[in-house]
Amino acid sequence: MPELPEVETVARGLQKTVAGRRIVSVTLSKTDFIDDPSALETHVPGQSIERVERFGKFMLMRLRKEAAHQPTSSNAGGDSLLVHLGMTGHLSPHPVSEPSPKHTHVRFLLDDGRELRYTDARRFGRMAFLAAESLPAELNRFGADPLEISDAAFAALMQSRRSRIKALLLDQTALRGVGNIYADESLWRSRIHPMRIAATLSANEARALQKNLQAVLREAIALRGSSIIDFLDAGGEPGKYQRRHRAYGREGKPCYRCKRPICRVIVAGRSSYFCPNCQPRPRSRPRQGKRRKPVTAGRKRTS
DNA sequence: CTCGATCCCTGGACGC
DNA sequence: TGCGTCCAGGGATCGA
């Protein structure tokens with residue numbers, strides 16, 4: 001499932017193989033995962049792919065109009081194409097002569113005779129053409145990049161939330177790019193239970209989580225991501241990071257630290273793998289309503 | 001603010 | 001061999 005490292009891998013691959021190419025035409029089949037299919041068909045042909053970047057779990061393809069009088073400042077204010085791979089999305093260039101696999105929903109014909117194809121069996125992905133003026137608002141909906149966030153901002157984020165840490169890590173408006181695998185891996189490394197309330201993490205725990213999250217993401221990028229089901233990079237190659245998983249997908253298998261079996265619980269609607277020994281349950285059950293009586297003195301004024 | 005439930009969608013795993 | 005059922009899971013949405 002493409003998360004930050006997988007998307008980074010694909011984006012780097014596309015940057016090498018299709019940046020600079022002009023899109024000659026666009027062919028759509030299923031379009032229910034595209035924000036505005038006709039805008040895509042209308043505005044993309046004729047533009048060239050200036051750069052391919054990652055933004056959270058999105059691929060951000062910056063376009064440039066070939067027409068002569070466009071602002072030459074290039075990447076500042078062009079249109080762009082946003083692509084989310086969802087669970088099963090693939091985006092890669094192929095010779096047009098090569099038959100398209102099933103579930104190929106978008107084909108961008110390039111000026112060098114290849115085709116950039118988007119295939120996605122489950123169509124959990126998303127594609128959107130964004131005119132220059134609408135890009136900032138779209139990107140602003142998302143939180144900080146976990147690899148770039150400052151220590152202070154990460155600590156402040158943890159302190160400000162009463163949600164369970166696993167849910168917070170998955171919240172794209174808080175941090176962009178973290179998904180189920182890397183959330184679990186970073187919590188395991190940090191010895192933090194997925195149901196801990198974020199604001200109850202100590203300063204040391206928060207710092208450890210930040211560093212471990214960043215380390216996990218960097219290592220995964222170096223190994224070109226995790227291939228669980230069918231992730232493939234832009235060159236059709238699987239990643240290798242799944243071999244390094246210490247928690248994710250290991251229910252019942254021994255913890256790499258203490259040998260006790262890894263457990264699975266559902267948090268934030270997602271399977272969460274953790275070691276019950278190394279990652280102890282929070283003391284009080286999160287959100288149990290009435291615990292103790294309001295006790296005398298101070299009710300904090302909350303609003 | 002935060003939660004769980006529900007839906008989207010298809011293919012792979014599993015049981016008989 | 002074939003069929004039915006369950007499950008995975010990112011994200012949007014809705015009601016609590």
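Throughout, protein chains are lettered first and strands after them, A, B, ... in sequence-line order, and every chain is numbered starting at 1. These figures come from a predicted structure and were not determined experimentally. Only heavy atoms go into these numbers, but all of them, side chains included; no hydrogens, no water, no symmetry mates.
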Select from A:Arg123 and A:Val267 the residue whose nearest nucleotide in DNA chain B is closer to the 5' end of that strand. A:Val267
For A:Leu168 and B:dT2, what is the distance between atoms CG and C1' respectively, to the nearest whole Å? 12 Å
Applying a strict under-4.5 Å side-chain criterion to I, L, V, M, F, W and Y, I'd like to know whether A:Ile192 and A:Phe154 cluster together. yes
Once base and sugar-phosphate atoms are separated, protein heavy atoms under 4.0 Å mark nucleotides 10-16 of chain C, 5' to 3', with B, S and - as BBS----
When rounded to whole Å, the CG to P distance for the pair A:Asp32 and B:dC7 reads 17 Å
What is the distance, rounded to the nearest whole Å, between atom CE of A:Met195 and atom C1' of B:dC3? 11 Å
Starting at atom NZ of A:Lys166, determine the distance to atom P of B:dG4, rounded to an integer number of angstrom. 12 Å
Side-chain donor-acceptor pair present, A:Arg117, A:Thr104, cut-off under 3.5 Å: no
For A:Glu50 and A:Gly20, indicate whether the former's side chain and the latter's backbone hold a donor-acceptor pair under 3.5 Å. no
Note the angle between the end axes of the helix from B:dT2-C:dA16 to B:dC16-C:dG2, five pairs defining each, rounded to 10 degrees. 40°
For A:Gln159, does the CD atom have more than 12 heavy-atom neighbours from other residues, nucleotides or ligands under 6.0 Å away? no
Under 4.0 angstrom, heavy atoms only, what part of the nucleic acid is A:Arg176 near: base, sugar-phosphate, or nothing? nothing
Spacing of A:Arg264 atom CZ relative to C:dC7 atom P, expressed in whole Å: 9 Å
With a 3.5 Å distance limit and no angle check, can you tell me whether A:Arg260 reaches the backbone of A:Ile262 through a side-chain donor-acceptor pair? no
Of the nucleotides B:dG4, B:dG11, B:dT2, which one has an atom closest to the side chain of A:Ala121? B:dG11
Give every pair of a protein N or O atom and an N or O atom of nucleotides 2-5 of chain C that lie under 3.5 Å apart, one pair per line with the distance.
none

Contact under 4.0 Å: A:Thr88 side-chain N or O vs B:dC9 OP1/OP2: no
Could you check how far NE2 of A:His90 sits from P of B:dG11, rounded to whole Å? 12 Å
Using a cut-off of strictly less than 4.0 Å, decide whether A:Arg161 has a side-chain nitrogen or oxygen near OP1 or OP2 of B:dC1. no
Give, for atom CD of A:Glu205 and atom CD of A:Gln210, the distance between the pair rounded to the nearest 0.5 Å. 14.0 Å
Does the distance from a Lys or Arg side-chain N to an Asp or Glu carboxylate O, for A:Arg126 and A:Glu138, drop under 4.0 Å? yes
Look at A:Lys102 and B:dT10 and indicate whether a side-chain polar atom (N or O) is within less than 4.0 Å of OP1 or OP2. no
Can you say whether the rings of A:Tyr248 and A:His245 are parallel (under 30°), tilted (30 to 60°) or perpendicular (over 60°)? perpendicular
Here the distance between atom P of B:dC8 and atom NZ of A:Lys30, to the nearest Å, is 14 Å
Carefully, step by step, assess A:Arg164 and A:Asp171 under the rule salt bridge (Lys or Arg N to Asp or Glu O under 4.0 Å). CA-CA 11 Å; A:Arg164 291 178 289 191; A:Asp171 181 351; over 6 Å; no
May I have the distance from A:His105 (atom NE2) to B:dC9 (atom C1'), rounded to whole angstrom? 10 Å
Aromatic plane relationship, A:Phe33 with A:His105 - under 30° parallel, 30 to 60° tilted, over 60° perpendicular: tilted
Check the phosphate of B:dG11 against A:His103, side-chain N and O only, distance under 4.0 Å to OP1 or OP2. Yes or no? yes
Tell me the closest heavy-atom pair linking A:Pro146 and A:Arg176, and the distance in Å. CD-O, 2.9 Å
Going by an N to O cut-off under 4.0 Å, is there a salt bridge joining A:Arg189 and A:Glu185? no
